[in-house]
Amino acid sequence: KMADDIAQAYDGIHKFMYEYVYTNKYTRREEEKVPELVSRLYEYFKKHPEKLQPYIQPIIETEGIDRAVCDHIASMSDQYAIKFYSELIVPKKWQF
């Protein structure tokens with residue numbers, strides 16, 4: 001059993017997460033974009049395994065490229081995945 005103060009804090013976080021994250025209309029709209037992002041990252045890293053982080057490289061030898069790419073993507077924070085995806089997909093402003 002949780003201590004009363006811990007249970008109260010947990011209940012507060014739980015309520016907040018459901019109200020502002022899990023059921024938030026904006027969050028739900030953005031969530032719909034995630035499968036495309038993950039698919040594109042997967043395709044990219046499968047074609048360019050040299051771009052995987054160095055600690056992921058040994059996984060290619062032991063468990064194969066598919067597992068290595070999945071582990072790499074799973075290790076990315078949301079912000080890093082979005083930034084990396086944007087750098088791959090969104091054209092840069094031309095500099096003269």
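Hydrogens, waters and symmetry mates are skipped; everything else that's a heavy atom, side chains included, is used.
- For Phe16 and Tyr22, the ring centers sit 6.0 Å or farther from each other.
- Rounding to the nearest 0.5 Å gives a distance of 14.5 Å between CG of Asp66 and CZ of Phe45.
- Looking at every heavy atom in both residues, Gln53 comes nearest to Tyr80 through NE2-OH, 4.0 Å.
- No option in Arg28, Arg29, Lys33 other than Arg28 meets the salt bridge (Lys or Arg N to Asp or Glu O under 4.0 Å) test with Glu31.
- Nearest heavy-atom pair across Leu41 and Ala81 is CD1-CB, 4.0 Å.
- Enclosure of atom CD in Glu63 by more than 12 non-hydrogen atoms of other residues, nucleotides or ligands within 6.0 angstrom is indicated.
- Tyr55 and Ile59 fall within a single hydrophobic cluster, where Ile, Leu, Val, Met, Phe, Trp and Tyr side chains are chained together by heavy-atom contacts under 4.5 Å.
- Between His72 and Lys51, the closest side-chain pair of non-hydrogen atoms is not below 4.5 Å.
- Met17 and Tyr10 sit in two unconnected hydrophobic clusters of ILVMFWY residues. Membership requires side-chain heavy atoms under 4.5 Å apart, directly or through other members.
- A 6.0 Å sphere centred on CG of Asp5 holds more than 12 heavy atoms belonging to other residues, nucleotides or ligands.
- Here NZ of Lys83 is found 10.0 Å from CE of Met76. Values are rounded to the nearest 0.5 Å.
- Counting non-hydrogen atoms of other residues, nucleotides and ligands closer than 6.0 Å to NZ of Lys93 gives a total of 12 or fewer.
- Closest approach of Pro49 and Gln57 over heavy atoms only: O-NE2, 2.9 Å.
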Test log, rule ring-ring contact (aromatic ring centres under 6.0 Å, His included), inputs Tyr85 and Tyr44:
CA-CA 10 Å; Tyr85 177 82; Tyr44 174 80; over 10 Å; no
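- Using a cutoff of 4.0 Å between basic side-chain nitrogens and carboxylate oxygens, Lys47 and Glu43 are not scored as salt-bridged.
- Under the 4.5 Å side-chain contact rule for hydrophobic residues, Ile82 and Tyr26 do not share a cluster.
- Annotation: the span from Lys46 atom NZ to Leu52 atom CG amounts to 11.5 Å, rounded to 0.5 Å.
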Could you please spell out the steps behind the salt bridge (Lys or Arg N to Asp or Glu O under 4.0 Å) verdict for Asp11 and Lys15?
CA-CA 6 Å; Asp11 290 342; Lys15 182 181 176 192; over 6 Å; no
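- Considering CD of Gln79 and CZ of Phe84, their distance stands at 15.5 Å, rounded to 0.5 Å.
- The structure places CZ of Arg40 at 4.5 Å from CD1 of Ile89, a figure rounded to the nearest 0.5 Å.
- We find the CD-CG distance between Glu19 and Asn24 to be 9.5 Å, quoted to the nearest 0.5 Å.
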